[in-house]
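Data first, discussion second: the structure below is written as C-alpha cells.
Because the structure is a prediction, the values reported are computed rather than measured. No hydrogens, no waters, no symmetry mates; every other heavy atom, side chains included, goes into these values.
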Amino acid sequence: MEAAGKKIYAETLEQQQIEVRKSVMDRLRQAREGQTKDFNTVCDRLEKKYTNAKV
C-alpha cells in the first residue's frame, strides 16, 4: 500500500511540475509577442502566484 501511495504522489508531483512549466512558458510567450505591457509585470505575477503554491 505504501509503495502505491508513493507512486501516486510522485506522479501527481510530476504532473503539477509540468503544468507550472507550461504556464510559465505560456506567459513568457505572451510577453515576447507583446500581449503584455511589461515583462516585469508578467514575472511579478508569476512569482506571486507560485511562491507559496503547493507543488
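Applying the side chain to side chain donor-acceptor pair (under 3.5 Å) test to Thr12 and every residue at least two apart in sequence or in another chain returns nothing. Looking at residues two or more places apart in sequence or on another chain, you find no side chain to side chain donor-acceptor pair (under 3.5 Å) involving Asn40. Partners of Lys22 under the side chain to side chain donor-acceptor pair (under 3.5 Å) rule, at least two apart in sequence or in another chain, are Asp26. Residues satisfying the side chain to side chain donor-acceptor pair (under 3.5 Å) test with Gln30, not counting sequence neighbours, are none. Qualifying salt bridge (charged side-chain N to carboxylate O under 4.0 Å, His left out) partners for Arg29, counting only residues two or more places apart in sequence or in other chains: Glu33.
Taking NZ of Lys49 as the start and CZ of Arg27 as the end, the distance is 6.0 Å to the nearest 0.5 Å.
Residues Gln17 and Leu13 are in side-chain contact: their nearest non-hydrogen atoms beyond the backbone lie under 4.5 Å apart.
Linking Ile, Leu, Val, Met, Phe, Trp and Tyr whenever their side-chain heavy atoms come within less than 4.5 Å leaves Ile18 and Val24 in two separate clusters.
Around atom CD of Glu14, no more than 12 heavy atoms belonging to other residues, nucleotides or ligands sit under 6.0 Å away.
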